[in-house]
2 protein chains.
Amino acid sequence: MIKVLVVDDEPQIARALRINLAAHGYEVTTAADGAQALRAAAAVVPDLVVLDLGLPDMDGAEVIEGLRGWSKAPILVLSGRAASAEKIAALDAGADDYVTKPFDIGELLARVRAATRRSGPGAESPVTAIGPVTVDLSAREVRKDGDEVRLTPTEWQLLEVLLRNPGKLVSQRELLHRVWGPNYDRETNYLRQYMAQLRRKLEADPARPVHLLTEPGMGYRFRP
Amino acid sequence: MIKVLVVDDEPQIARALRINLAAHGYEVTTAADGAQALRAAAAVVPDLVVLDLGLPDMDGAEVIEGLRGWSKAPILVLSGRAASAEKIAALDAGADDYVTKPFDIGELLARVRAATRRSGPGAESPVTAIGPVTVDLSAREVRKDGDEVRLTPTEWQLLEVLLRNPGKLVSQRELLHRVWGPNYDRETNYLRQYMAQLRRKLEADPARPVHLLTEPGMGYRFRP
DNA sequence: AACGGCCGTCAAGAACGCGTCAAAGGTGTC
DNA sequence: GACACCTTTGACGCGTTCTTGACGGCCGTT
């Protein structure tokens with residue numbers, strides 16, 4: 001989860017920002033003045049700072065420099081002042097962006113996305129573990145006992161539908177629709193064929209599947 | 001010297017930007033429309049792009065996506081439109097900043113400094129090793145057994161997309177979109193053609209690729 | 001005990017996708 | 001205007017994948 005520190009001395013604005021950011025999946029911390037901001041930043045180590053200038057206790061540039069002393073997190077400055085000199089000062093002090101109030105919340109969120117996008121993408125993809133096998137859906141990679149297993153396109157599609165519904169029963173109809181298209185309803189032999197191939201490649205004992213289960217007459221289920 | 005690409009169809013603005021940027025020590029290239037911009041970007045590999053929306057030949061988002069396909073250089077958008085929706089669209093397409101005209105040249109320069117500041121001291125030279133071959137994406141240089149290998153622009157774009165997703169499978173659709181544009185979906189023969197050329201230039205044994213792998217029916221993968 | 005439904009398995013031909021070669025447009029350079 | 005380079009396009013052989021049909025075993029029902 002991306003952590004955002006919101007620094008604003010006006011409670012309504014701080015609250016509005018908190019709600020909007022939280023609604024978009026950010027973890028929000030708030031601070032009401034410069035001293036609190038620096039303390040909170042040291043405590044939570046945010047990935048991004050939204051900083052309102054014109055705090056009661058410190059000058060904006062001071063706060064920026066205080067943060068920049070040890071953090072490289074993007075700083076997005078909010079301010080009521082539209083004068084270019086103010087913007088230039090804040091940007092040169094170390095801010096990454098400058099938005100004048102009143103601002104559109106959608107635009108602010110877009111700027112937050114743009115700022116986190118640059119520094120963010122150190123994320124590795126989620127892998128699903130099936131016994132001795134690991135499946136990385138985004139990288140399209142399967143490993144069994146360390147070395148890679150090749151799946152055909154159809155096998156991938158089928159496996160993907162099952163893995164995206166962990167523990168849930170997926171009906172034959174739905175599997176056929178998702179993999180072969182809406183015109184396929186009764187070709188259950190396709191399913192038998194490809195489920196067998198998947199078990200051969202993924203299960204420790206293909207004859208006694210533990211994770212790719214058959215529900216006779218209904219469909220198939222992936223058990224994590 | 002920091003290289004800046006200025007894209008604007010209005011000669012006066014382009015000229016003013018060129019003069020101001022050059023006066024502050026930037027190396028400036030200009031382009032008057034989207035097609036020129038993409039070509040110039042591939043040729044000079046700018047460290048930052050100043051992009052005016054409302055070009056005569058292409059939609060702004062198209063240009064941004066065309067650049068983002070292979071470049072991580074900051075994109076600073078200029079526009080006469082102040083509507084939030086426009087800003088959000090541009091930022092989410094991959095732009096880093098959005099300035100509405102008329103703009104203060106001092107502020108623009110400050111935003112340029114802020115943008116280059118964060119990408120500048122990243123300093124890690126993105127050199128990827130492919131067996132006996134080294135690829136320097138930022139310097140656009142490939143060396144095989146020490147001596148230089150020449151790649152065409154298309155080969156570069158294709159290689160770059162793959163290298164930026166190490167280990168991950170990139171679908172043929174995505175490769176075609178990123179290299180040739182969103183209108184290309186089924187021209188898989190392009191991919192076959194250029195993958196073969198890349199393997200000829202980069203792989204030790206082009207007939208048995210070790211790093212540039214084919215996933216039949218799905219796409220290609222770069223394995224480090 | 002016989003039957004039918006359902007599943008797993010095996011084995012074919014058909015269809016598809018890939019690598020490769022070759023050659024025709026297109027663009028910029030000398 | 002000729003040339004070189006890059007891109008686009010077409011065609012062919014081959015290996016893999018998909019499709020299709022058939023057979024036998026398990027299970028619940030009749």
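Per chain, numbering begins at 1; letters A, B, ... match sequence-line order.
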Item to check | Residues which pass side-chain contact (heavy atoms from CB on, under 4.5 Å) with B:Pro166, listed by chain and number, not counting sequence neighbours | outcome: B:Phe222, B:Pro224
Between [options], which nucleotide has the shortest distance from any of its atoms to the side chain of [X]?
X	options	value
A:Tyr194	D:dT19, C:dG19, D:dT8	D:dT19
A:Pro153	D:dT7, C:dC18, D:dT17	D:dT17
A:Ala196	C:dT9, D:dC6, D:dT17	C:dT9
A:Arg199	D:dT17, C:dG8, D:dC6	C:dG8
A:Thr214	D:dC5, D:dT8, C:dC7	C:dC7
B:Trp180	D:dT19, D:dC6, D:dT8	D:dT8
A:Thr154	D:dT8, D:dC18, D:dC5	D:dC18
A:Gln193	C:dG8, C:dG19, C:dA11	C:dA11

Can you measure [X] atom [atom1] to [N] atom [atom2] for me and round it to whole angstrom units?
X	N	atom1	atom2	answer
B:Met195	C:dG17	CE	C1'	15 Å
A:Tyr220	C:dC7	OH	P	6 Å
A:Arg200	C:dA11	CZ	P	11 Å
B:Gln197	D:dC5	CD	C1'	11 Å
A:Gln157	D:dC18	CD	P	9 Å
B:Arg186	C:dC16	CZ	P	13 Å
B:Tyr190	C:dC18	OH	P	16 Å
B:Glu203	C:dG19	CD	P	12 Å

Report yes or no: does [X] contribute a side-chain atom to a donor-acceptor pair with the main-chain N or O of [Y] at less than 3.5 Å?
X	Y	answer
B:Asn165	B:Val161	yes
A:Ser71	A:Arg68	no
B:Asp104	B:Glu107	yes
A:Gln197	A:Glu155	no
B:Arg199	B:His211	no

Next on the checklist: Would you say that B:Val142 contacts B:Asp136 through its side chain, given a criterion of any heavy-atom pair below 4.5 Å between the two side chains?
Outcome noted: no
Checklist entry - Hey, does B:Gln172 reach any base, or is it just sugar-phosphate, or nothing, if we go heavy atoms under 4.0 Å? => result sugar-phosphate
Checklist entry - Checking all strands, does A:Tyr184 fall into the base, sugar-phosphate, or nothing category for heavy-atom contacts under 4.0 angstrom? => result nothing
Checklist entry - Between B:Pro216 and B:Leu151, who's closer to the 5' end of DNA chain D by nearest nucleotide? => result B:Leu151
Checklist entry - What one-letter contact string describes nucleotides 22-30 of chain D from 5' to 3', where B marks a base within less than 4.0 Å of any protein heavy atom, S marks contact via sugar-phosphate atoms alone, and - marks no contact? => result ---------
Checklist entry - Which pair of heavy atoms, one from B:Ala95 and one from B:Val77, lies closest together, and at what distance? => result CB-CG2, 3.6 Å
Item to check | DNA chain C: 5'-proximal contact among A:Pro206 and B:Leu213 (nearest heavy atom) | outcome: A:Pro206
Next on the checklist: Using the rule given for salt bridge (charged side-chain N to carboxylate O under 4.0 Å, His left out), can you reason through A:Glu215 versus A:Arg221, listing the C-alpha separation, both sets of side-chain angles and the distance that settles it, and then say yes or no?
Outcome noted: CA-CA 7 Å; A:Glu215 302 282 349; A:Arg221 179 197 308 275; 2.9 Å; yes
Which pairs, protein N/O on one side and nucleotides 24-26 of chain C N/O on the other, fall under 3.5 Å?
none

Next on the checklist: With a 6.0 Å cut-off on the ring centroids, do B:Trp156 and B:Tyr194 count as close?
Outcome noted: no
